[in-house]
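Notes for the one structure printed next.
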Amino acid sequence: MSCTGHNILSRISLECRECKRVYGTEFRYVCEECFGPLDVRYDDLPRLEPSLFEGRAQTYWRYRELLPIADATNIISIGAGMTPLHRAERLGEELGLKNLYIKNDSVNPTFSFKDRPAGVAVSKAREFGMSKVGCASTGNLASATAAHAAKGGMSCHVFAPSNIEMAKIAQALSYGANYIAVNGTYDDANRMAALAGDRQNIGVVNINMRSYYVEGSKTLAFEVAEQLGWNVPDHLVVPVGSGAMLNAICKGFEELQSASLLGDVSQMKVSAAQPHGCAPVVSAFKQGSQIVTPVEIPDTVAKSLAIGDPGDGRYVLRRLRQYGGTAEETSDEEILDAILLLARTEGIFTEPAGGVSIATLQKMIEDGRVDAGDTVVCYVTGNGLKATEAIMRVLKKPETVEADARAILAEVAS
Ligand SMILES: *Cc1c(COP(=O)(O)O)cnc(C)c1O
Ligand SMILES: [Zn+2]
């Protein structure tokens with residue numbers, strides 16, 4: 001990609017999310033003092049003007065001042081980001097909302113939002129001089145990492161539970177990834193990926209590159225803010241697997257406020273959506289607990305969210321408290337119904353994770369947690385074509401009709 005040689009304005013460092021100890025940007029991913037996760041901090045961030053972004057490429061790299069790549073020649077772009085913020089009038093009318101927006105990340109190059117975190121982490125791995133990358137994946141991250149590795153000419157090793165959707169496996173294999181189907185859950189795949197990363201010097205995007213990985217997901221905040229004319233929405237609904245995305249979106253809004261691109265973001269509400277068969281964060285939230293008890297064997301149609309032991313779960317709980325949001329879980333049936341509702345009102349076809357967001361929003365409206373006039377942004381993070389087996393369960397398989405005028409016209413009339 002041509003990244004017209006603007007210099008990166010701010011210096012970065014790493015800061016422990018727990019004890020706040022600050023580190024330089026050498027390769028490191030947990031705090032030496034307390035084993036807390038490390039977050040990227042932008043030091044001396046100047047005031048940024050909206051006009052800075054005008055005329056830039058329609059990808060998330062347009063926000064490079066707020067992304068952690070020091071040398072722009074290390075950026076590996078497959079053109080992800082700047083997905084539509086879709087004004088959902090028909091769905092809004094159905095649900096009783098006047099200002100509903102869908103952030104439609106199902107149309108990224110690999111068809112999920114994971115192009116954001118994966119692209120930043122793979123680029124940073126290149127900046128660290130690594131030649132191998134990888135990930136632990138519930139399906140979508142495998143393709144996003146593999147596609148960016150392919151574009152960067154790097155090798156890619158993906159670790160995923162063996163029960164994920166066939167379309168996701170076909171996609172990742174096509175990009176040339178070494179696909180390791182682990183006989184176990186996502187948490188098992190995650191442990192195997194951590195081990196391989198340590199022993200083989202692999203930049204595992206969501207483990208040893210996690211500080212940079214989460215930076216990519218922040219662009220889901222940046223784009224929404226820009227697409228709303230640099231205004232703060234009233235309420236966000238975000239699907240939660242590991243919780244990295246929800247936490248990163250909050251960080252993103254806060255950085256826009258620090259850079260004077262947005263006013264006060266503290267009145268915005270942020271809510272979490274999980275599927276019933278894997279809802280450890282929702283359970284903790286409803287019990288008023290600060291501790292997330294892992295779900296041992298997730299069982300849900302929303303495979304992308306089937307993370308029993310979410311790495312950022314406790315930070316999601318903090319964010320929900322900070323932003324006065326709520327958390328809801330939805331059944332497989334509600335998820336599949338919501339997929340069809342979104343498709344039939346707005347022409348957007350999402351995988352079950354997106355159905356979880358929509359179904360959760362429905363529940364929140366029923367419980368009176370959203371006002372009719374609120375500006376609500378619902379994140380739809382993956383594409384329906386990746387999960388057709390599951391969605392077909394609630395659809396009628398078309399019967400074959402003879403290629404005969406009378407038979408065909410009878411079908412059209414019925
Ligand atoms: C990974 C994924 C999520 C969850 O993101 P986390 O950062 O793990 O919480 C949501 N939707 C889709 C489509 C995903 O692939
Ligand atoms: Zn620490």
Side-chain angles (χ1 to χ4, degrees), residues 14-23 28-39 83 103-108 110-118 121 135-145 160 164-165 167-168 171-172 186-187 190 205-207 210-211 213-218 220 237-251 270 272-275 278-282 292 298 300-313 315-316 319 327 335 339 349-358 360 378-387:
L14 292 173
E15 183 183 75
C16 175
R17 204 179 287 171
E18 293 292 342
C19 76
K20 307 293 172 197
R21 180 169 165 186
V22 176
Y23 297 87
R28 176 192 302 280
Y29 65 103
V30 286
C31 178
E32 273 176 11
E33 299 282 325
C34 75
F35 285 100
L38 302 178
D39 285 320
T83 56
K103 181 58 173 168
N104 182 13
D105 245 28
S106 71
V107 296
N108 267 315
T110 74
F111 306 105
S112 87
F113 93 96
K114 292 290 199 315
D115 282 332
R116 300 173 187 277
C135 63
S137 177
T138 54
N140 287 323
L141 185 57
S143 292
T145 307
I164 68 173
E165 297 96 334
K168 293 178 180 171
Q171 193 188 5
Y186 171 81
D187 295 311
N190 195 70
V205 299
N206 54 341
I207 300 177
R210 195 168 179 86
S211 306
Y213 170 89
V214 302
E215 292 297 287
S217 300
K218 281 184 336 193
L220 279 167
V237 180
V238 184
V240 168
S242 76
M245 172 178 34
L246 185 144
N247 201 51
I249 289 171
C250 296
K251 184 175 190 274
V270 181
Q274 289 201 299
C278 186
V281 177
V282 177
V292 177
T300 168
V301 71
K303 305 266 185 241
S304 306
L305 304 180
I307 297 182
D309 189 5
D312 282 305
Y315 302 108
V316 170
R319 292 300 196 179
I335 294 165
I339 291 173
F349 184 42
T350 183
E351 67 156 278
V356 172
S357 302
I358 301 290
T360 294
C378 195
Y379 284 94
V380 166
T381 47
N383 197 295
L385 289 175
K386 297 201 189 203

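Just so you know, ligand 1 is whichever comes first in the structure, and atom 1 is the first atom listed for that ligand.
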Tell me the angle that SG of Cys31 and SG of Cys19 form around the Zn ion (ligand 2), rounded to 10°.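 My answer is 100°, to the nearest 10°.
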Just to the nearest 10 degrees, tell me the angle at the Zn ion (ligand 2) spanned by Cys34 SG and Cys16 SG.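 It rounds to 100°.
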Using a 3.5 Å distance criterion without hydrogens, assess whether the side chain of [X] forms a donor-acceptor pair with backbone atoms of [Y].
X	Y	answer
Asn108	Thr83	no
Asn383	Ser106	yes
Tyr23	Glu32	yes

So, regarding [X] and ligand 1 (criterion: nitrogen or oxygen to nitrogen or oxygen, under 3.5 Å), is there a contact or not?
X	value
Ala353	no
Leu305	no
Thr381	yes
Lys114	yes
Thr138	no
Ser242	yes
Met245	yes

Below 4.0 Å from any atom of ligand 1, is there a heavy atom belonging to Phe113?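 So Phe113 counts as touching ligand 1.
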Dump the intermediate steps for side chain to side chain contact (heavy atoms under 4.5 Å, CB included) on Phe111 and Lys168, then the final yes or no. CA-CA 10 Å; Phe111 306 105; Lys168 293 178 180 171; over 6 Å; no
Among Thr110, Thr350, Asn140, exactly one meets side-chain hydrogen bond (donor to acceptor under 3.5 Å, both in side chains) together with Lys386. Which residue is that?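 Going through Thr110, Thr350, Asn140 one by one, the side-chain hydrogen bond (donor to acceptor under 3.5 Å, both in side chains) with Lys386 is satisfied by Asn140 alone.
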Compare all side-chain heavy atoms of Arg17 with those of Asn247 and state whether any distance is below 4.5 angstrom.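 A side-chain contact under 4.5 Å exists here.
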Is any side-chain heavy atom of Glu215 less than 4.5 Å from a side-chain heavy atom of Lys251?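 Glu215 reaches Lys251 side chain to side chain.
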Any idea which atoms of ligand 1 are less than 4.0 Å away from a heavy-atom of Glu351?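 Per the distance check, 13 (C).
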What atoms of ligand 1 come within less than 4.0 Å of a heavy atom belonging to Gly382?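 Atoms satisfying the 4.0 Å criterion: 13 (C).
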Can you see which heavy atom on Ala118 is nearest to which on Leu141, and at what distance?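 Here Ala118 and Leu141 meet closest at CB-CD1, 3.9 Å.
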